[in-house]
Amino acid sequence: MPEEIRYALIYFSLALLCYSIGVWSERVAKTLKLWHLLFFWLGLITDTLGTEYVARLVGGFQFSFHTVTGMLGLLLMAVHTIWATVIVVKKDEKWLHTFHKFSLFVWLIWLIPYFTGFFVGLNR
């Protein structure tokens with residue numbers, strides 16, 4: 001197995017772990033807290049690193065369902081994390097208590113490329 005794939009798998013797995021902890025703990029708490037934000041950022045950073053390793057391995061981005069959903073998931077994850085940061089900094093009470101609905105939506109969209117990448121990898 002190429003080294004890039006090993007690193008990508010590690011980073012994508014860490015992204016799943018971190019992002020899931022952030023999203024589900026926020027959902028259970030029903031309020032957005034600073035430590036949730038930390039896990040969102042860790043998830044975003046590790047997903048970006050995993051994506052970079054895969055891009056290096058395949059020589060750039062190739063147009064496919066997985067790539068399109070992956071870029072959409074990464075973009076949504078970035079918007080989600082930046083928006084959560086703004087909400088926490090501004091201490092917007094309304095959004096602090098309703099943001100978990102958006103978080104779950106982004107997490108579900110993000111799972112599509114995670115699992116399609118996993119199954120594509122298994123088929124190789």
Side-chain angles (χ1 to χ4, degrees):
M1 177 184 299
E3 189 174 294
E4 289 88 354
I5 289 296
R6 275 185 277 186
Y7 285 125
L9 288 172
I10 290 168
Y11 283 124
F12 287 138
S13 297
L14 286 171
L16 176 64
L17 177 67
C18 292
Y19 208 60
S20 296
I21 288 170
V23 167
W24 285 101
S25 59
E26 176 202 10
R27 186 156 182 85
V28 168
K30 300 254 190 278
T31 187
L32 178 60
K33 298 178 181 177
L34 183 60
W35 72 272
H36 300 139
L37 193 57
L38 172 67
F39 280 98
F40 295 160
W41 277 106
L42 288 171
L44 176 61
I45 290 165
T46 53
D47 192 52
T48 302
L49 289 169
T51 302
E52 178 60 30
Y53 275 103
V54 170
R56 282 188 209 165
L57 181 69
V58 298
F61 293 97
Q62 299 173 353
F63 187 76
S64 68
F65 176 77
H66 174 69
T67 304
V68 171
T69 58
M71 295 313 292
L72 175 64
L74 190 58
L75 176 65
L76 280 172
M77 195 185 234
V79 168
H80 170 260
T81 302
I82 293 167
W83 188 10
T85 302
V86 170
I87 291 167
V88 168
V89 168
K90 288 187 174 185
K91 297 178 181 157
D92 185 320
E93 286 299 319
K94 177 188 172 204
W95 277 106
L96 284 170
H97 298 290
T98 58
F99 193 72
H100 63 275
K101 296 172 187 174
F102 180 61
S103 297
L104 185 61
F105 170 76
V106 172
W107 181 78
L108 288 169
I109 297 297
W110 183 82
L111 286 178
I112 295 168
Y114 179 83
F115 284 112
T116 59
F118 179 76
F119 290 119
V120 165
L122 283 179
N123 289 328
R124 289 186 183 170

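Numbers here simply count residues along the sequence, with the first being 1.
Residues Leu108 and Val23 are members of one and the same hydrophobic cluster, defined by side-chain heavy-atom contacts under 4.5 angstrom among Ile, Leu, Val, Met, Phe, Trp and Tyr. Cluster annotation: Leu32 and Leu104 are assigned to the same hydrophobic cluster (Ile/Leu/Val/Met/Phe/Trp/Tyr, side-chain heavy-atom contacts under 4.5 Å, transitive). Ile109 and Leu17 are assigned to two separate hydrophobic clusters, defined by single-linkage of ILVMFWY side chains at heavy-atom distances under 4.5 Å. A continuous path of ILVMFWY side-chain contacts below 4.5 Å connects Phe115 to Phe105, so both sit in one hydrophobic cluster. Each of Ile21 and Val88 belongs to its own hydrophobic cluster when Ile, Leu, Val, Met, Phe, Trp and Tyr are linked at side-chain heavy-atom distances under 4.5 angstrom.
Contact between Pro113 and His66 at its shortest, heavy atoms only, is O-CE1, 2.9 Å. When all heavy atoms are compared, the tightest approach of Lys101 to Arg27 is CA-NH1, 4.4 Å. Minimum heavy-atom separation, Ala15 to Gly43: CB-O, 3.5 Å. Between Ala8 and Gly50, the closest heavy-atom pair is CB-O, 3.7 Å. For Gly22 against Phe40, the heavy-atom pair with the smallest separation is C-CE2, 3.4 Å. Annotation for Cys18 and Phe39: closest pair O-CB, 3.3 Å, computed over non-hydrogen atoms.
Every pair passing salt bridge (charged side-chain N to carboxylate O under 4.0 Å, His left out) that includes a residue from residues 38-55 is listed here, sequence neighbours excluded: Glu52-Arg56.
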Handout entry: Val86 and Trp95: CA distance, side-chain angles, deciding distance, side-chain contact (heavy atoms from CB on, under 4.5 Å) verdict
Key = CA-CA 10 Å; Val86 170; Trp95 277 106; over 6 Å; no
Practice task
Would you please test Leu34 and Leu37 for side-chain contact (heavy atoms from CB on, under 4.5 Å) and show each step?
Solution key: CA-CA 5 Å; Leu34 183 60; Leu37 193 57; 4.1 Å; yes
Problem - Intermediate values then yes/no, side-chain contact (heavy atoms from CB on, under 4.5 Å), Ile5 and Tyr53 - result: CA-CA 7 Å; Ile5 289 296; Tyr53 275 103; over 6 Å; no
Handout entry: Verdict with reasoning, Val106 to Tyr19, per side-chain contact (heavy atoms from CB on, under 4.5 Å)
Key = CA-CA 10 Å; Val106 172; Tyr19 208 60; 3.3 Å; yes
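The side-chain heavy atoms of Tyr11 and Ile45, taken from C-beta on, include no pair separated by under 4.5 Å. Side chains of Leu74 and Thr48 form a contact here, defined as non-hydrogen atoms less than 4.5 Å apart. Looking only at side-chain heavy atoms (C-beta outward), Leu111 and Leu16 come within less than 4.5 Å of each other.
Note that the OG atom of Ser103 and the CH2 atom of Trp110 stand 14.0 Å from one another [nearest 0.5 Å]. Between atom OG1 of residue Thr51 and atom CE of residue Met71 there is a gap of 7.0 Å, rounded to the nearest 0.5 Å. With rounding to the nearest 0.5 angstrom, the CG atom of Leu49 is 9.5 Å from the CG atom of Leu44. Taken from CD1 in Ile87 to OG1 in Thr98, the straight-line distance is 7.0 Å, to the nearest 0.5 Å. Going from atom NE2 of His97 over to atom CD of Glu26 covers 11.0 Å, rounded to the nearest 0.5 Å. Of the inter-residue distances, the one linking Trp41 atom CH2 with Ile82 atom CD1 reads 5.0 Å to the nearest 0.5 angstrom.
With sequence neighbours excluded, the residues that form a ring-ring contact (aromatic ring centres under 6.0 Å, His included) with Phe102 are His80, Trp83, Phe99.
Hydrophobic side-chain contacts under 4.5 Å tie Phe63 into a cluster, directly or through other members, with Val68.
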